[in-house]
Each structure stands twice: as C-alpha cells, then as structure tokens.
Amino acid sequence: MDPASGPVGVIVSVDPDRFAEVVRAARAAGLDVTAEQPLLGSLSGTIAEERIAVLEAVDGVEAVDRERGGRGWPPGPGRPG
C-alpha cells in the first residue's frame with residue numbers, strides 16, 4: 001500500500017472566535033477530528049494526504065501541521081540526534 005494514500009495525523013490551528021464553524025468546515029473537507037481544544041484554537045485529527053491542501057484552504061484555518069511520529073524533537077541544527 002502506498003503510504004501517501006493513507007490518512008495522516010495533523011494538528012490544525014484555527015480562528016478561536018469561529019471555532020465551531022471552522023471545525024464543521026474542516027470535517028466537510030475530510031478531516032476526521034480526534035480532539036478539540038476550542039480555548040486554544042486547535043484541533044487534531046486524521047485526513048487523507050491528498051486532502052491536506054483542501055483543509056489548508058478552509059476559511060478560518062490558520063495552519064496545518066503534520067503530527068510527527070516518535071518522541072522529542074527531530075534532529076536538526078542545535079538539537080541532539
């Protein structure tokens with residue numbers, strides 16, 4: 001199975017003043033919401049890789065970040081690993 005075709009975990013930052021409206025639109029874009037943090041303006045869930053651009057285009061979505069597997073920070077400048 002092609003890993004790009006499966007669902008990926010994402011964390012979505014949204015406009016907290018329009019949280020419920022944006023969550024509905026994110027679900028309509030294909031996001032399977034697994035957790036909501038309305039006071040922080042964020043939610044997490046899974047979505048098909050090919051639908052991420054659609055999710056990013058939802059009015060009120062400020063950022064979409066892929067969840068990283070593993071523990072801690074990834075290796076990089078100034079980081080162990």
Side-chain angles (χ1 to χ4, degrees):
M1 182 169 127
D2 180 6
S5 66
V8 294
V10 292
I11 299 171
V12 185
S13 299
V14 305
D15 180 348
D17 294 330
R18 300 172 45 210
F19 190 82
E21 168 192 348
V22 178
V23 170
R24 282 191 299 274
R27 284 188 168 122
L31 182 67
D32 180 17
V33 177
T34 57
E36 299 180 19
Q37 299 84 30
L39 294 177
L40 300 176
S42 69
L43 58 141
S44 58
T46 57
I47 190 166
E49 179 76 34
E50 64 271 11
R51 300 289 297 169
I52 290 177
V54 175
L55 178 61
E56 290 173 326
V58 168
D59 187 34
V61 168
E62 297 172 351
V64 177
D65 296 308
R66 284 179 174 82
E67 290 182 344
R68 298 175 187 257
R71 306 168 99 201
W73 290 101
R79 296 184 190 140

Exercise. Can you check whether Arg66 reaches Ile52 side chain to side chain, under 4.5 Å on heavy atoms?
Worked result: yes
Exercise. Do Glu62 and Arg18 sit within salt-bridge range, that is, some charged N less than 4.0 Å from a carboxylate O?
Worked result: no
Problem set entry | Least distance between heavy atoms, Thr46 atom then Gly9 atom | CG2-CA, 4.2 Å
Exercise. Among the clusters formed by ILVMFWY side chains lying less than 4.5 Å apart, do Val33 and Val8 turn up in the same one?
Worked result: yes
For this session: Mind checking the CZ-CG spacing from Arg51 to Asp32? Nearest 0.5 Å is all I need.
Result: 13.5 Å
Problem set entry | Under 3.5 Å: donor-acceptor pair, side chain of Ser44, backbone of Thr34 | no
Seminar exercise, completed: Residues Pro16 and Pro38: closest non-hydrogen pair is CB-O, 4.0 Å
For this session: To the nearest 0.5 angstrom, please state how far the CG atom of Leu43 sits from the CD1 atom of Ile11.
Result: 9.5 Å
Exercise. Are Val14 and Val23 close enough that some pair of their side-chain heavy atoms sits under 4.5 Å apart?
Worked result: no
For this session: Of all the heavy-atom pairs spanning Glu36 and Phe19, show the shortest one and how long it is.
Result: OE1-CE2, 3.5 Å
Problem set entry | Smallest separation among heavy atoms of Val58 and Ala26, with atom names | CG1-N, 4.3 Å
Exercise. Should Val64 and Ile47 count as side-chain neighbours, where that means a heavy-atom distance under 4.5 Å?
Worked result: no
